[in-house]
Amino acid sequence: MRTLRPAEIAGLLASDTVAHLATIDAAGYPHVTPIWFLWEHRAFRLTSWAGRPHLRRIRANPRVGLVIDREAGVRADGQRPNRQVRVMGDAELAIDPDGVWTQRIWEKYGSGVALGAPDRVRVLITITPDRFVALASV
């Protein structure tokens, strides 16, 4: 393992790799949700439909983990090298006004216009990392 260089971190965070958000339920068990994200101003932004279970878990316990992990194919020796960013911090929830963050995230992932019912509320999840680890397996 080695620490990622700043350019590698920037490339991974700008990529369309799906993040995995870990939340904790009332019994203390982790739940992992794949989710799109945007990294900007030293914070991760994610959005989700209001009422989703991971939002309820964040309201009850804002401590979360986030992993962005991208494999680089299979080497001749059978290994699957990867680059990853691991984050821990507290999540903050707010309504996504006019779907601005949702639209930006959808554009990052190449989906164009954000789909969905205009009457459904999107919630903005902001994670400012307390711990940020960026590693490569090669």
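Since this is a predicted model, take the numbers as computed values, not measurements. The figures here come from the full heavy-atom set of this structure, side chains too, leaving out hydrogens, waters and symmetry mates.
We find the CD-CH2 distance between E40 and W101 to be 4.0 Å, quoted to the nearest 0.5 Å. Rounded to the nearest 0.5 Å, atoms CG (L124) and CD (E92) are 9.0 Å apart. Between the CZ atom of F44 and the CG atom of L13 there is a distance of 5.0 Å, given to the nearest 0.5 Å. Taking CG from L66 and CD1 from I127, the interatomic distance works out to 5.0 Å, rounded to the nearest 0.5 Å. Considering CD of Q84 and OG of S137, their distance stands at 7.5 Å, rounded to 0.5 Å. Between T128 atom OG1 and H41 atom NE2 the span is 11.5 Å, to the nearest 0.5 Å.
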Residue pair L93, I125: steps toward the side-chain contact (heavy atoms from CB on, under 4.5 Å) verdict: CA-CA 5 Å; L93 301 177; I125 305 164; 3.6 Å; yes
How far apart are the C-alpha atoms of R104 and R45, what are their side-chain angles, what is the distance that settles it, and do they pass the side-chain contact (heavy atoms from CB on, under 4.5 Å) test? CA-CA 10 Å; R104 291 187 60 203; R45 315 287 180 176; over 6 Å; no
Quick one: do L21 and I58 satisfy side-chain contact (heavy atoms from CB on, under 4.5 Å)? Show the steps, please. CA-CA 11 Å; L21 173 67; I58 291 170; 4.2 Å; yes
Begin with the C-alpha distance, continue with both residues' side-chain angles, and end with the deciding distance and a verdict on side-chain contact (heavy atoms from CB on, under 4.5 Å) for H54 and V64. CA-CA 10 Å; H54 53 276; V64 299; over 6 Å; no
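The nearest pair of heavy atoms linking F37 to L12 is CZ-O, 4.4 Å. When all heavy atoms of I68 and A19 are compared, the closest pair comes out as CG1-CB, 3.8 Å. The two residues R5 and E8 come nearest to each other via the heavy atoms N-OE1, 2.7 Å. Heavy-atom minimum distance, P30 versus I24: CA-CD1, 4.0 Å. Of all the heavy atoms in T126 and A43, the pair that sits closest is CG2-CB, 4.1 Å.
Remark: side-chain polar atoms of K108 are not paired, donor with acceptor, to backbone N or O of Q103 under 3.5 angstrom. R56 contributes a side-chain N or O that, together with a main-chain N or O of G51, makes up a donor-acceptor pair within less than 3.5 Å.
Of the N and O atoms on the side chains of T47 and D96, not one donor lies less than 3.5 Å from an acceptor on the other residue. Side-chain polar atoms of H31 and D25 form a donor-acceptor pair below 3.5 angstrom.
Within 6.0 Å of the CG atom in D98, the count of heavy atoms belonging to other residues, nucleotides or ligands does not exceed 12.
Under the 4.5 Å side-chain heavy-atom criterion for ILVMFWY residues, a single connected hydrophobic cluster contains both W39 and L4. Put simply, I35 and F132 are part of the same group of oily side chains (I, L, V, M, F, W, Y) that touch within less than 4.5 Å, one to the next. In terms of hydrophobic clustering, with Ile, Leu, Val, Met, Phe, Trp and Tyr side chains grouped at heavy-atom distances under 4.5 Å, Y29 and V32 are assigned to different clusters.
Between Y109 and W36, the angle of the ring planes stays under 30°, which puts this pair in the parallel group of the 30/60° scheme.
Note that R122 lies in the cation-pi zone of W49, set by a 6.0 Å cut-off to the ring centre and a 45° limit from the axis.
Under the side-chain hydrogen bond (donor to acceptor under 3.5 Å, both in side chains) test applied with T23, the options R63, R59, R57 reduce to a single match, R57.
Side-chain contact between R86 and L135 is present, with at least one heavy-atom pair separated by less than 4.5 Å. Between E71 and T17 there is no side-chain heavy-atom pair separated by less than 4.5 Å.
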